[in-house]
Number of protein chains: 2
Amino acid sequence: MAKQMTEMLKGTLEGIVLALLSDQPAYGYEITARLREQGFADIVEGTIYALLVRIEQRGLVDISKVPSEKGPPRKVYSLNAAGREHLAEFWSSWTFLTERIEGIRRPTIEGEK
Amino acid sequence: MAKQMTEMLKGTLEGIVLALLSDQPAYGYEITARLREQGFADIVEGTIYALLVRIEQRGLVDISKVPSEKGPPRKVYSLNAAGREHLAEFWSSWTFLTERIEGIRRPTIEGEK
DNA sequence: TTCGCTACTCTGTGTCGCTGAGTACGAGTA
DNA sequence: TACTCGTACTCAGCGACACAGAGTAGCGAA
């Protein structure tokens, strides 16, 4: 899906993961898998884990270790109050951006195609 | 509009500028002004010029110098064939991303708000 | 024992937007 | 003349983020 995607994901991937976590708690490997199902086929595992470390250090999530039947223990992340607030800000920024871009796209629709 | 915006603009700002240029040729200062009008109030001039240098080096735009009544000569950028193709790819990536994100947002709408 | 899946960690790299300062030109004003 | 103001572009350095790629570790099946 091209290198453009890599750049576009900067900033939005974090919001996407927070949104997933707001639906229900999850651990890294699971999040990666879920993203792949949802169409982000070439998301890199390392990227997700790094992102999770980041949002943990910022205090947006709570963590609990849960033993796994298969493999090492899971670090389960759940969104806390700060995380929900951050997510709300993300949605507001995202809405702002999409509205502007649609505004720019509109007059151009004839042009491309 | 927060630091989130800075990250979100990565990758998309280039598409936005290409879209503006596909509407009509323009020079740096003008593009900056136009973006500000359209709501991107705190876009930094230096960012736009750097971006223009980049897309020039990638051969997405043609350039002509036009004398200005007020100030230094203008570097007018116009989208060429490669640029239009790149723009089309941008729209396709953008559409992909917005669709996924809306798909994730939907089940969460109750949650935030 | 080896293979494969689960699950997480870590170091280094490139790209991008921002910061902040600088250059340069012309017109109006004191 | 000297000053300021608006136009127009340049540049060095910084921080944040996604990716590349390799490594560690646990478990079950062939």
Side-chain angles (χ1 to χ4, degrees), chain A residues 1-18 25-36 40-58 60-61 63-77 86 90 93 97, chain B residues 1-18 25-36 40-58 60-61 63-77 86 90 93 97:
Chain A
M1 194 91 243
K3 180 179 296 175
Q4 289 185 320
M5 249 322 200
T6 293
E7 289 305 320
M8 274 192 214
L9 283 177
K10 292 186 180 177
T12 59
L13 187 57
E14 182 181 300
I16 292 171
V17 170
L18 291 178
Y27 54 97
Y29 194 83
E30 185 187 4
I31 292 172
T32 306
R34 212 170 279 176
L35 286 174
R36 295 226 165 106
F40 296 101
D42 37 351
I43 286 284
V44 175
E45 271 191 279
T47 298
I48 299 300
Y49 287 113
L51 192 162
L52 289 172
V53 167
R54 230 157 54 218
I55 64 179
E56 172 188 355
Q57 283 171 349
R58 288 197 203 134
L60 306 180
V61 286
I63 298 188
S64 61
K65 282 224 173 185
V66 178
S68 163
E69 327 81 50
K70 339 194 78 189
R74 299 164 172 168
K75 284 179 74 175
V76 175
Y77 296 79
H86 195 80
F90 167 77
S93 295
L97 185 59
Chain B
M1 194 92 243
K3 180 180 298 176
Q4 288 184 319
M5 247 325 198
T6 293
E7 289 306 319
M8 274 192 215
L9 283 176
K10 290 186 179 176
T12 60
L13 186 56
E14 181 181 299
I16 292 171
V17 169
L18 290 178
Y27 54 97
Y29 195 83
E30 186 187 5
I31 292 172
T32 306
R34 214 170 276 177
L35 286 174
R36 296 227 164 105
F40 297 101
D42 36 353
I43 286 283
V44 175
E45 272 190 279
T47 298
I48 300 301
Y49 287 113
L51 191 161
L52 289 172
V53 167
R54 232 157 52 220
I55 62 179
E56 172 188 355
Q57 282 171 350
R58 288 198 205 133
L60 306 180
V61 286
I63 297 189
S64 61
K65 283 225 173 185
V66 178
S68 162
E69 327 81 52
K70 337 195 78 189
R74 298 164 172 168
K75 283 179 75 176
V76 175
Y77 296 78
H86 196 81
F90 167 77
S93 294
L97 184 59

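Just so we're on the same page: letters track the sequence lines, and every chain starts at 1.
Residues forming a salt bridge (charged side-chain N to carboxylate O under 4.0 Å, His left out) with B/R58 (at least two apart in sequence, or on another chain): B/E14. Annotation: salt bridge (charged side-chain N to carboxylate O under 4.0 Å, His left out) contacts of A/E45 (sequence neighbours excluded): none. Taking A/K10 as the reference, A/E7 meet the side chain to side chain donor-acceptor pair (under 3.5 Å) condition, with sequence neighbours excluded.
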When every nucleotide of nucleotides 23-30 of chain D is labelled 5' to 3' by its protein contacts under 4.0 Å (heavy atoms), B for base, S for sugar-phosphate only, - for none, what sequence of letters results?
--BBS---

Which side-chain N or O atoms in residues 64-71 of chain B pair as donor and acceptor under 3.5 Å with protein atoms at least two apart or in another chain?
| unit_1 | atom_1 | unit_2 | atom_2 | d |
| --- | --- | --- | --- | --- |
| B/S68 | OG | B/K70 | N | 3.0 |
| B/S68 | OG | B/K70 | O | 2.9 |

Identify each donor-acceptor pair in which a side-chain atom of residues 25-34 of chain B lies under 3.5 Å from a protein atom, sequence neighbours left out, and give them as a table.
| unit_1 | atom_1 | unit_2 | atom_2 | d |
| --- | --- | --- | --- | --- |
| B/Y27 | OH | B/R74 | NE | 3.3 |
| B/Y27 | OH | B/R74 | NH2 | 3.2 |
| B/E30 | OE1 | B/Y27 | N | 3.1 |
| B/E30 | OE2 | B/R34 | NH2 | 2.5 |
| B/T32 | OG1 | B/G28 | O | 3.0 |

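Here B/F40 contributes atom CZ and B/T47 contributes atom OG1; the two are 13.0 Å apart, rounded to the nearest 0.5 Å. A/L18 CG to A/L60 CG: the interatomic distance, rounded to the nearest 0.5 Å, is 6.0 Å.
The distance between atom CD of A/E45 and atom P of C/dT9, rounded to the nearest whole Å, is 12 Å. The nearest whole Å value for the distance from the CD atom in A/Q4 to the C1' atom in D/dA18 is 15 Å. Rounding to whole angstrom units, CZ of residue A/R34 and C1' of C/dA7 are separated by 15 Å. Between the CZ atom of A/R74 and the C1' atom of C/dT6 there is a distance of 8 Å, given to the nearest Å.
Here the closest non-hydrogen pair linking B/V61 and B/Y77 is CG2-CD2, 3.7 Å.
Distances shown here put every side-chain N or O of A/K65 at or beyond 4.0 Å from the OP1 or OP2 atom of C/dA7. Here A/Y27 reaches the OP1 or OP2 of C/dA7: one of its side-chain N or O atoms lies under 4.0 Å away. Under 4.0 angstrom from either OP1 or OP2 of C/dC8 there lies no side-chain N or O belonging to A/Y29. Contact annotation: A/Y49 side-chain N/O to C/dT9 OP1/OP2 distance is not under 4.0 Å.
The rotation axes computed at either terminus of the helix from C/dT1-D/dA30 to C/dA30-D/dT1 lie 10° apart, taking five pairs at each end and rounding to 10 degrees.
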Give every pair of a protein N or O atom and an N or O atom of nucleotides 13-20 of chain C that lie under 3.5 Å apart, one pair per line with the distance.
| unit_1 | atom_1 | unit_2 | atom_2 | d |
| --- | --- | --- | --- | --- |
| C/dG14 | N2 | A/K10 | NZ | 3.1 |
| C/dT15 | O2 | A/K10 | NZ | 2.8 |
| C/dC16 | OP1 | B/R58 | NH2 | 2.9 |
| C/dC16 | OP2 | B/R54 | NE | 3.2 |
| C/dC16 | OP2 | B/R58 | NH2 | 3.3 |
| C/dC16 | O2 | B/K10 | NZ | 3.1 |
| C/dG17 | OP1 | B/L9 | O | 3.2 |
| C/dG17 | OP1 | B/G11 | N | 3.4 |
| C/dG17 | OP2 | B/R54 | NH1 | 3.3 |
| C/dG17 | OP2 | B/R54 | NH2 | 2.6 |
| C/dC18 | OP2 | B/T47 | OG1 | 2.8 |

I'd like a list of close polar pairs between nucleotides 28-30 of chain C and the protein, N/O only, cut-off under 3.5 Å.
none

